[in-house]
Amino acid sequence: MSVIVFVEHDGGIIKKKNFEAVQYASGIAQKMSATVTAVILGTIGDAELEKLGEYGAQKVLHVEDSRLDELHPRAYTSALLAAIEKEGAKIIVTLNDINGRAVAPRIAVKLKAGLVAGALTYPDMEKGFVIKKAVYSGKAFAYVNIASDTKVIMLMPNTFPLAKTEGKAAIEKLAVNFGDKDFGIKVKEVSKVTGEVSLSDAALVVSGGRGMKGPENWYLIENLAKELGAATACSRPVSDSDWRPHHEHVGQTGGTIRPDLYIAVGISGAIQHLAGVNGSKTIVVINRDPEAPFFKAANYGIVGDAMEVLPRLTEAVKKFKLHK
Amino acid sequence: MKILVCISQVPDTSTKVVLKDNNTAVESNGVTYIINPYDEWYGLIRAIELKESGVASEIDLVTVGKANTEPVIRKALALGGDKAIRIDADSNDPYLTAVYIADYAKSEHYDLILCGKESIDYNNGTVGSMLAELLDMDYIGFATEIKIEGNTAIVKREIEGGEETDSCNFPLVISCQKGVAEARIPNMRGIMAARTRPLNVVTPAAIEPVTSILSYELPPAKAGVKLVDPADMDQLVELLHSEAKVI
Amino acid sequence: MNDVENVKAIKGGEFLIRETTAESIFIPEEWNEEQLMIAETCNNFLAQHVTPNLNRIDAQEEGLMSHLMDEAGALGLLGISVPEEYGGFGKDFKTSMLVTEKLGAGNSFSVAFSAHSGIGTLPILYYGNDAQKQKYIPKLTSGEWKGAYCLTEPSSGSDANSGKARAKLTEDGKHYLITGQKMWITNAGFADVFTVFAKIDNDENLSAFIVEKDFEGITLNTEEHKMGIKGSSTRQVFFNDCKVPVENLLSERQNGFKIAVNILNIGRMKLGGGTVGASKEVISMAVKYANEREQFGRAISKYGAIRHKLAQQAILTYAAESAVYRASQNMEEATDMLIESGLDEIKAKLKGTEQFAIEAAIIKVHASEVLDYVVDEGVQIYGGMGYSAEAPMERAYRDSRINRIFEGTNEINRMLTVDMMLKRAMKGELDLMGPAQKVAGELMSIPDFSAGGDEGPFTKEKKYIANFKKAILMVAGAAVQKLMTQLAKEQEVLMNLADMLIELYVSESLQLRVEKLVGLRGEESCKEQLDMMRVYINDAAEKIARSGKEALNSFAEGDEKRMMMMGLKRYTKTDDLNTTQARRNIAAKLIAENKYCF
């Protein structure tokens, strides 16, 4: 038996979070004495595929079809179902991200499999097949049991630290017959923001709130983010006032993120905002108001004016990088 | 064009989660319920806009929930929609929810099904995609803009690190997020009309859920904030490096 | 006391001599789903459009307030109780009160809203002929036109009928020319339609006119610089031979004072609702702040001194709200009965309102003073931040103050309360003499110390309230007897009597509300409400005793005074109550909910 893990790549490059998914699948496989088969779609070189072995994949099934370089949920589903059938897999792992959400639910339906979206732990098999996940946007956790024979797990990215092994993966090409409907969606235009770190999988995030006073001050946030190699985010009032683009809004009604470091500048810390970021490992809060509720959720706090503190922090980071 | 909007009742965003029954359930006493914001602000309002502009001819709303969800459904009807369907069941299993809705929707021949990108209670974000599979439809997730040209939807959606514009013919399921529409406040006319709009209750076929929530847990309290002198940012960088080990 | 037969027909002012049953009153816990949805629309409107813009509103940013009124109009909030034939939604008075209450938390916006939808719209709606209503009401309801009301003049405020503005008919008989100066005109800066009061020629009484902004001869002075409600447009309006077509005379010649008084009755009741809404919002802010602000290592909400304040804010607000909706319901029922008896709807509304003018004055005074208490303690809970213009309490504190001044000062309203009571008694509409004599007789007899049957949760309080009535009848009866026609000049005594009446009316409204609520939900889930009732009535007894004593000391003497003092003591006696513990219980609930939650 094998555990199937769906591995995404970004133009032929496999990202950290995808290795994390492979490692997670491998952890499950070890508990069940099963093997791990990674399934990867579209145009990617074998050298990149070999890296999957280092995180526990014994086998890589590569569906080499350039049409799969774009997301086509139905085609992806067909490809994965072919791999699942070939491997006789009962456990399917994907990430809880945009592509994962387009594909995993379809597979779950096809296989009448129970699904957990946003897994934070390995399944506890003593109690059944119980996985912890965040609910109420991080205000609580739920322990979900999957009762069905086949199981689909969508791992929350940035949950487990990566550790390389000496493992090697056998790479196989898999041919899939796609149906008429598999490519019903036509991609007309792609615009990628280059040079910036994408928010959803950023390890470091610098975020600004209304305390930044106006979009004209955002260069202070951007400078710090650039120095740290961090992504930028914002609170809801900021995106509502169109100071920043909507996709930067984090919080209960925006994006939920779980970076290693979240620096919140001029954000008071309403419960709705905290819900979207309280999975962050370390939180730094910079706020002029010592009563800002966010300080209660922070690891480190700076009571001060962002306009003065931010340039100082940016300088300090610069200095730190030079000395390292 | 006939649109189905999936709505879900969730606790208000300001709700503090309180557990009960030995942590096997979440306290509902004293909780204010709202329409899931992604469903309301984006999916429902976009559907209403499409009807106002003459593109859509009919909007139905569907929810899976017991009778206590009806106030929220009528609030949705106060915003707009021709009728609502309440599938009389309690479900926190996304598969079950999707099957219930699909069973209802399959004979109705909707051109477009809109839902929020996820519900803010269980945060699964999977029902839309499941519905598409169950109803043999295409699915576009994380939409930020929806335009209709004839029989085709032109959809902007979020991708990793950017945005993509897709086109797809009906029938189609789209999950919506910020950008698709602007939140509205129900007006008096809508509120008064809500009472006259049909709310049909459907009893679903008995199906076993494939997942179940065994228990809940609240996040541990933070240890307390360590205050750093605003004049000494070197100290902060040092703490982030050697103590927190994040840079 | 009279028996409780035909409770529905309770008349204005009768609360002093009759018992009311809990079932017969309306309590806000009975709002239906549609009303709650309307309330939520108001809350959302404030949260999205008003609260984030309060600084801009207070800076009177050009066009902003007018735009907000347009938005409110688009949501239908300007025409809640306007009949559907005039573009409104035909909702009952209580529902329009609910909207006033919710929007009452909108600082300057709520003033603009109230002025427009109340005194700006109602005179035309209630007194206009069909052509006038067709022309003006739909536009006022949609917000396309904004309304204002021009009554006050520099030398004529509380004494409204003494205004100097004059109107004279042109020779061709087609126009009135109005000349005069009107002051403190809310919404003047952007209003399209003014209801203007002026005397025609040398009439004894005012007449009312509908004046459009574009009629010749209107000029606006600059904005007044005010202590609070800075965002509300307040100007002088000058009329200089302003040419008003004769068909714009509202109602009949010399009917203006009646119009003004009647519209004020509604305005007073609405002011009560609006201030209750503001109080609730301020309490929510105070609770949140107290939960967040830490001193000596604990949230300040953990300290008894703060808890006392929070509880007291909630008790007073809940009590005021009970009175507002009890009276609203009474007015509505009186109106319905008049319609049933064949009166047309508008006339019935006016008469129904007039019927409860005493209660309207009581509510105006009480609720505005409650808000002043609530904002004052709100500032105190915020401490230093309460005094800072960066935190919301400072604005709330300033904005509250006007409520004790406009719609008739609280002093005028206190005098009116007693005056109307006595006038009705004299006209034979209200039998005060019978009950007053009965009390006088009781004073001579041996006091009744029996517990009075079952000790239900409300037995005691009902007895206290019955006694409050006796105390008032005793003092008022004596005052009338002793002072006779001089009473009208003894303003201090009138104030004392008004204070006693206010405490009685509010105590009884609160007691009835809690009784009805317990009937609906059971005692177990109404613990805090029961505590609020007990504390309020406990304190009311002391206030009534103090006012009564002050009054008696001013005019009574000798044995008679001694006997009445003993009677007063007896009628305001209450059992010991641990109000500290009761307030702690109430505060605990507020703190746990992190908002006003009753």
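Chain naming here is simple, since letters A, B, ... match the order of the sequence lines and numbering starts at 1 in each.
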Asks: Would you say CD of B:Glu52 has more than 12 non-hydrogen atoms from neighbouring residues, nucleotides or ligands within 6.0 angstrom?
Replies: yes
Asks: Scan the side chains in residues 587-598 of chain C for donor-acceptor partners under 3.5 Å anywhere in the protein, sequence neighbours excluded, and list what turns up.
Replies:
residue: C:Asn594; atom: OD1; partner: C:Asn291; partner atom: ND2; Å: 2.8

Asks: Is the number of heavy atoms from other residues, nucleotides or ligands under 6.0 Å of B:Lys83 NZ greater than 12?
Replies: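 Yes, because the 6.0 Å sphere around NZ of B:Lys83 holds more than 12 heavy atoms from other groups.
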Asks: I'd like to know whether CZ of C:Arg584 has more than 12 heavy-atom contacts from other residues, nucleotides or ligands below 6.0 angstrom.
Replies: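 It does not: C:Arg584 CZ has 12 such atoms or fewer within range.
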Asks: Salt-bridge test for C:Glu33 and B:Lys75: reply yes if a basic N is under 4.0 Å from a carboxylate O, no otherwise.
Replies: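 No salt bridge links C:Glu33 with B:Lys75.
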Asks: Can you check whether anything in residues 12-23 of chain B gets within less than 4.5 Å of chain C, heavy-atom wise, and list it by number?
Replies: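 Residues in range: none.
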Asks: Indicate every side-chain donor-acceptor pair of residues 41-48 of chain B with a distance under 3.5 Å to a residue at least two apart or in another chain.
Replies:
residue: B:Arg46; atom: NE; partner: B:Ile146; partner atom: O; Å: 3.0
residue: B:Arg46; atom: NH1; partner: B:Glu49; partner atom: OE1; Å: 2.7
residue: B:Arg46; atom: NH2; partner: B:Ile146; partner atom: O; Å: 2.8

Asks: Could you tell me which residues in residues 180-193 of chain B have at least one non-hydrogen atom under 4.5 Å from a non-hydrogen atom of chain C, sorted by residue number?
Replies: B:Ile185, B:Pro186, B:Asn187, B:Met188, B:Arg189, B:Ile191, B:Met192
Asks: Check whether C:Glu34 gets within reach of chain B through its side chain, its backbone, both or neither, counting any heavy atom under 4.5 Å.
Replies: both
